[in-house]
Amino acid sequence: MAMVLLAGGFLLPAQDNEKKEEDLKNPHEGKAEAVEAGRKQFLNSCSGCHGPNAEGGRGPRLLKSGVVRGSSNRQLFTLIKDGVKGSDMPPTKAPDEKIWEMVSFVKNLNAPAYEANASGNAESGGKLFHGKAGCAGCHAIAGKGGVIGPDLTNAGMSRSYANLRESLLQPSERPSEGYLGVTVTLRDGKKISGIAKNNTNYSIQVMDRQSKLYLLNKLEVSEIVFKKSSLMPEDFGKRLSKAEIDDVLAYVSRQVERVPVPGGEAGAKEQ
Ligand code: HEC
Ligand code: HEC
């Protein structure tokens, strides 16, 4: 708490007690513009080693990184400013102000999307999600929407913003278990398309777009064709404008099962 109250100036270093040393305050804390500015600098100065999406390369992955998540502001700031001696991680000459923007970006990669201060307009995003963009045809939020895609009711807590962005713009080439698209042809010629929920030697379960579940005996089946790619459309980057993408992501980022209450769980209120 004390740290928050003292925010604004630089804190005096605490007595020689490393663990208790007060963390530095990021002057850009919680600002979406700083994250965006940091992203641009990262692309210029850091992505050659850490990858354009921070996925790693010559340097370690910074997305979903335990090291980043476990680091204080002070540690990240110092690491980016001074580099890591004896490794490829170089020091930077960027002014402190710019380094803090990169700290914002790197931290933001790892925070739950709900805390990431998405820059888009969540209200417009909600209209797109449940309307024109068609997301709700496949994804449910709080019981409303389709079941072909994963439920996004708690996406703001279970995913980072970077993760959601990647899912939207570059759906995985290999679909995850439980979301494989399939078309089953029965012996009588009838075709059933949807996602394969369970596939054994004897039977296959298929959920169609109306969320009707079919349990099909393999003896009745003449052909099963799996889709190679994910059912998540790959062209939202083209179908939606840049502003619309930001809005949809802002909306999805706001989706949490329970609104987190600063200071603990005890005060959580039902809405
Ligand atoms: C020439 C390659 C290179 C460049 C450029 C580079 N890094 Fe690194 N970075 C590394 C390597 C290698 C490590 C691992 C250092 C070690 O051994 O601890 C690292 C570690 C890190 C870590 C700690 C994460 C971890 O898992 O150890 C962060 C955060 C980081 N770099 C951020 C940045 C930022 C921000 C920039 C741009 C200003 C940048 N790096 C530029 C190579 C690079
Ligand atoms: C035709 C159905 C379909 C539509 C339309 C669709 N999605 Fe998806 N989406 C999927 C499927 C299936 C997956 C699971 C991807 C996989 O692992 O193969 C998925 C995955 C995702 C994920 C990752 C979720 C996770 O838990 O990994 C996000 C986020 C997402 N979609 C958001 C959206 C948004 C936002 C829209 C609208 C702009 C949208 N989707 C439209 C079918 C769809």
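Ligands are counted one by one from 1 in listed order, and the atoms in each one are counted from 1 as well.
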Under a single-linkage definition using a 4.5 Å side-chain heavy-atom cutoff for Ile, Leu, Val, Met, Phe, Trp and Tyr, are Tyr161 and Leu152 assigned to the same hydrophobic cluster?
yes

Test: Lys127 cationic atom under 6.0 Å from Tyr251 six-membered ring centre, within 45° of axis
no

With a 4.0 Å cut-off on heavy atoms, is Pro233 touching ligand 2?
yes

To which protein heavy atom is atom 18 (O) of ligand 1 closest, and what is the distance rounded to 0.1 Å?
Val84 CG1, 3.8 Å

Which atoms of ligand 2 are found less than 4.0 Å from any heavy atom of Leu231?
1 (C), 2 (C), 12 (C)

Counting from 1, what ligand 2 atoms have a heavy atom of Cys135 closer than 4.0 Å?
34 (C), 35 (C), 36 (C), 37 (C), 38 (C), 39 (C), 41 (C)

Closer than 4.0 Å to some heavy atom of Leu168 - which atoms of ligand 2 meet that?
34 (C), 35 (C), 38 (C)

Counting only N and O atoms by type, is there a donor-acceptor contact under 3.5 Å from the side chain of Asn110 to the main-chain atoms of Lys64?
yes

I'd like the name of whichever of Leu62, Ile99, Leu109, Val103 reaches closest to atom 24 (C) of ligand 1 through any heavy atom.
Leu62

Side chain or backbone of Leu249 under 4.0 Å from ligand 2, or both, or neither, by non-hydrogen atoms?
neither

Taking Ser211 for the side chain and Met207 for the main chain, is one N or O donor matched with an acceptor at less than 3.5 Å?
no

Can you find a pair of side-chain heavy atoms, one from His139 and one from Phe129, that are under 4.5 Å apart?
yes

Numbered atoms of ligand 2 (with element) below 4.0 Å of Leu164, judged on heavy atoms
29 (C)

Contact region, Met102 to ligand 1, non-hydrogen atoms below 4.0 Å, reads side chain

Hey, is Arg209 touching ligand 2 through its side chain, its backbone, both or neither, going by heavy atoms under 4.0 Å?
side chain

Looking at atom 8 (Fe) of ligand 2, is there an N, O or S atom belonging to Met232 that lies under 2.8 Å away from it?
yes

Should Gln41 and Lys98 count as side-chain neighbours, where that means a heavy-atom distance under 4.5 Å?
yes

Does a donor on one side chain sit under 3.5 Å from an acceptor on the other, for Thr185 and Ser222?
no

Counting from 1 in the order shown, the ligand 2 atoms closer than 4.0 Å to a non-hydrogen atom of Cys138 are 1 (C), 2 (C), 3 (C), 4 (C), 5 (C), 42 (C), 43 (C)

Looking at atom 23 (C) of ligand 1, what's its closest protein heavy atom, distance included?
Leu79 CD2, 3.8 Å

Which residue owns the protein heavy atom closest to atom 3 (C) of ligand 1, what's the atom, and how far is it?
Cys49 SG, 2.7 Å

Enumerate the atoms of ligand 2 whose separation from the nearest heavy atom of Val248 is less than 4.0 angstrom.
35 (C)

Centre of Phe42's six-membered ring, under 6.0 Å away, within 45 degrees of the axis: is that where NZ or CZ of Arg39 sits?
no

Under 3.5 Å: N/O of Ser65 near N/O of ligand 1:
no

Under 3.5 Å side-chain donor-acceptor pair for Asn26 and Ser104:
yes

Smallest heavy-atom separation, Asp247 atom then Ser124 atom, equals OD2-CB, 3.6 Å

If the contact criterion is a heavy-atom separation under 4.0 Å, does Gly134 count as touching ligand 2?
yes

Is Pro27 close to Trp100 at the side-chain level, that is, under 4.5 Å between some pair of heavy atoms?
yes

Counting only heavy atoms closer than 4.0 Å, does ligand 1 sit against the backbone of His50, its side chain, both, or neither?
side chain

Atoms in ligand 2 flagged as close to Ser167, the criterion being non-hydrogen separation under 4.0 Å:
22 (C), 23 (C), 28 (C), 29 (C)

Find all atoms of ligand 2 within a distance of less than 4.0 Å from any non-hydrogen atom belonging to Ile148, and give their numbers and elements.
12 (C)

For ligand 2, which is the ligand I care about here, please tell me if Arg159 has any N or O atom under 3.5 Å from one of the ligand's N or O atoms.
yes

Between ligand 2 and His139, is the shortest N or O to N or O distance under 3.5 Å?
yes

Is there a chain of hydrophobic side chains (I, L, V, M, F, W, Y, each step under 4.5 Å between heavy atoms) that links Leu213 to Ile195?
yes

Donor-acceptor under 3.5 Å (Arg187 side chain, Leu219 main chain)
yes

Same hydrophobic cluster for Leu240 and Ile141, using side-chain heavy-atom links shorter than 4.5 Å among ILVMFWY?
yes

Atom 8 (Fe) of ligand 1 and Cys46: any N/O/S contact shorter than 2.8 Å?
no

What part of Ser71, side chain, backbone, both or neither, has a heavy atom within less than 4.0 angstrom of ligand 1?
neither

Indicate yes or no: does Glu22 engage Arg74 in a salt bridge with an N to O separation below 4.0 Å.
no

Could you establish whether Ser45 and ligand 1 come within less than 4.0 Å of each other, counting only heavy atoms on the residue side?
yes

Return the option from Pro150, Gly137, Gly149 holding the heavy atom at the smallest distance from atom 14 (C) of ligand 2.
Pro150

Sub-4.0 Å heavy-atom approach of Thr92 to ligand 1:
no

